[in-house]
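Remarks on the structure that follows.
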Amino acid sequence: MAIFKDYYPKPVTMRLSIILVFFVLFSCKDKTKEPNQSLPTKEAVGSTLSPSALIKAFQYQPQASPLISVHRGGVGLANYPENCLETIKYVNDSIAAVFEIDVAKTKDGILVLMHDHTLDRTTTGTDKLTNYTFNELQAFYLIDDFGTRTNFKIPKFTEVLKWSKANNAILTIDIKKSVDVAEVIQAIRENNAEDISIIITYDMEQANKAYQLAPDLLLSVSARNQQELNWLLESEIPTHNMIAFTGTRLSDTTLYNKLHKQGIKTMLGTLGNLDKQAETKGDSLYLKWQKLGIDVFATDRPFEAANALNILK
């Protein structure tokens with residue numbers, strides 16, 4: 001695999017931050033005739049809470065530019081490990097993207113970025129993450145997907161939140177089983193990071209719990225078929241709080257059309273088979289999928305997808 005650092009040099013000038021671009025491109029529709037679609041007020045989400053800026057920014061708009069969601073903060077990059085703050089910074093230099101990250105918990109209750117239950121694949125350590133305190137983890141280094149040891153360390157979730165807020169980098173947060181969603185929401189609130197945070201949920205139980213705890217935050221919800229969409233529409237979660245993950249396979253375009261009619265953006269997980277198809281048959285497939293109704297591409301090939309969709313900085 002090519003080393004993208006050499007192939008994609010850092011730009012001399014930068015576009016406006018992705019948050020500002022969202023607000024320029026996405027105008028809020030007047031949905032007063034559809035109560036479930038109107039944007040929430042302070043009273044609707046609690047006297048001390050205001051809706052996340054992402055709730056407005058991520059409303060579906062037909063002419064909006066597509067977005068890239070970088071799987072695990074960046075994978076398959078030489079010298080840049082997954083779930084690593086330095087990797088997020090590196091990718092963010094070239095792509096206006098959102099970053100999917102995995103949040104786990106150490107033995108002493110510190111939230112960190114880590115996908116696996118064990119350290120073996122992504123660090124120089126071994127055994128379960130939960131067997132170590134955060135300070136003990138500092139003895140280990142992150143390794144990239146090619147087995148190369150880097151000088152980077154496992155980052156704290158709060159460290160990533162602070163950098164992302166300062167740099168207007170949006171995070172989609174995958175919460176591991178060792179972590180309660182309430183802990184993640186507390187960390188988001190303590191860092192005033194509501195406007196750059198999306199909570200990932202996989203089923204209605206998770207989605208309902210996240211909404212009850214944080215009705216002001218945008219949620220990634222599962223809508224891989226009509227039944228899952230029906231469950232969402234029958235729930236108490238307003239559609240403006242949703243971005244719909246439609247799975248890792250293409251669905252019939254009628255599903256995308258129905259989501260769009262509800263004002264919900266669609267996210268396709270091209271990571272895996274679809275990314276491999278694009279690598280083999282040509283990156284123009286990303287454009288084809290966009291025309292079918294995909295708004296956000298969750299991918300392991302962020303540079304190639306962004307180049308095909310013409311959204312490099």
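Residue numbers count from 1 along this sequence.
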Y90 vs N79 side-chain heavy atoms within contact, under 4.5 Å: no

Within 6.0 Å of CD in E205, more than 12 heavy atoms from elsewhere: no

Sidechain-backbone polar pair: T248 side chain, G269 backbone, donor-acceptor under 3.5 Å: no

From CE (M242) to CD (Q262), nearest 0.5 Å: 8.5 Å

same_hphob_cluster(L274, L309) at 4.5 Å side-chain heavy-atom cutoff: yes

Residue pair D283 / E304: nearest heavy atoms and the distance that separates them: OD2-CB, 3.5 Å

Value rounded to 0.5 Å, distance of CD in Q290 from OG in S284: 12.5 Å

Expected output: side-chain Y256 to main-chain S251 donor-acceptor under 3.5 Å: yes

Same apolar cluster (I L V M F W Y, side chains within < 4.5 Å links), F99/L219: yes

Spacing of NZ belonging to K261 relative to OG1 belonging to T254, to within rounding of 0.5 Å: 9.5 Å

Side-chain heavy atoms of P66 within contact of I294, under 4.5 Å: no

Intermediate values then yes/no, side-chain contact (heavy atoms from CB on, under 4.5 Å), Y211 and V221: CA-CA 11 Å; Y211 177 67; V221 295; over 6 Å; no

Minimum heavy-atom distance S222-E228, with the two atoms named: OG-OE1, 3.0 Å

Cluster link I196 to V181, ILVMFWY, side chain under 4.5 Å: yes

In one Ile/Leu/Val/Met/Phe/Trp/Tyr side-chain cluster, 4.5 Å: L271, I243: no

Non-hydrogen side-chain atoms of F157 and E183 separated by less than 4.5 Å: no

Parallel, tilted or perpendicular: rings of Y286 and F297 (30°, 60°): perpendicular

Quiz: residues 69-78 side-chain donor-acceptor pairs under 3.5 angstrom, not counting sequence neighbours:
from: H71; atom 1: ND1; to: D300; atom 2: OD1; distance (Å): 2.6
from: R72; atom 1: NH1; to: E82; atom 2: OE1; distance (Å): 3.4
from: R72; atom 1: NH2; to: H115; atom 2: NE2; distance (Å): 3.1

Determine all donor-acceptor pairs shorter than 3.5 Å in which one atom belongs to a side chain in residues 158-165; sequence neighbours excluded.
from: S164; atom 1: OG; to: V160; atom 2: O; distance (Å): 2.8
from: K165; atom 1: NZ; to: N192; atom 2: O; distance (Å): 3.4

Nearest non-hydrogen partners of M114 and T122, listed with the distance: SD-OG1, 3.4 Å

Donor on one side chain, acceptor on other, D216 and S52, under 3.5 Å: no

Side chains of Y202 and F245 in contact at under 4.5 Å (non-hydrogen atoms): no

Parallel, tilted or perpendicular, as decided by the 30° and 60° cut-offs, for the rings of Y132 and F140: perpendicular

Heavy-atom pair with the smallest gap, counting every atom of L217 and I188: CD1-CD1, 4.3 Å

Separation between OH of Y60 and OG1 of T239, rounded to the nearest 0.5 Å: 14.5 Å

From CA spacing to verdict: side-chain contact (heavy atoms from CB on, under 4.5 Å), H260, D295: CA-CA 10 Å; H260 287 162; D295 305 305; 2.8 Å; yes

D102 side-chain N/O to D116 backbone N/O, donor-acceptor pair under 3.5 Å: no

Heavy atoms of other groups near R189 CZ, more than 12 under 6.0 Å: yes

Sub-4.5 Å side-chain heavy-atom contact between L111 and K105: yes

Worked verdict on I110 versus T133 for side-chain contact (heavy atoms from CB on, under 4.5 Å): CA-CA 8 Å; I110 303 298; T133 66; over 6 Å; no

L268-L229 co-clustered via ILVMFWY side chain contacts under 4.5 Å: yes

R149, CZ atom: more than 12 neighbouring heavy atoms under 6.0 Å: yes

Residue pair F58, L67: steps toward the side-chain contact (heavy atoms from CB on, under 4.5 Å) verdict: CA-CA 10 Å; F58 271 72; L67 298 171; 3.8 Å; yes

Short side-chain donor-acceptor distance under 3.5 Å, D120 and T126: no

Nearest heavy atoms of L259 and A223, plus distance in Å: CD2-CB, 4.3 Å

Option passing side-chain contact (heavy atoms from CB on, under 4.5 Å) with V184 (candidates V179, D174, I200): V179

D93 side chain near K89 side chain, heavy-atom distance below 4.5 Å: no

Expected output: side-chain T148 to main-chain D144 donor-acceptor under 3.5 Å: no

N273, CG: over 12 other non-hydrogen atoms inside 6.0 angstrom: no

Considering all heavy atoms, the nearest E100-T172 contact: CA-OG1, 3.0 Å

Distance-only side-chain donor-acceptor flag, T299 / R301, under 3.5 Å: no

Distance-only side-chain donor-acceptor flag, Q226 / N230, under 3.5 Å: yes

Pi-cation contact, Y141 with K153 (under 6.0 Å, within 45°): yes

From N131 atom CG to T106 atom OG1, the distance as rounded to the nearest 0.5 Å: 11.0 Å

Main-chain N/O of I88 paired with N92 side-chain donor or acceptor, under 3.5 Å: no

Under 3.5 Å: donor-acceptor pair, side chain of T270, backbone of A298: yes

T150 OG1 to I143 CD1 distance, which is reported to the nearest 0.5 Å: 8.5 Å

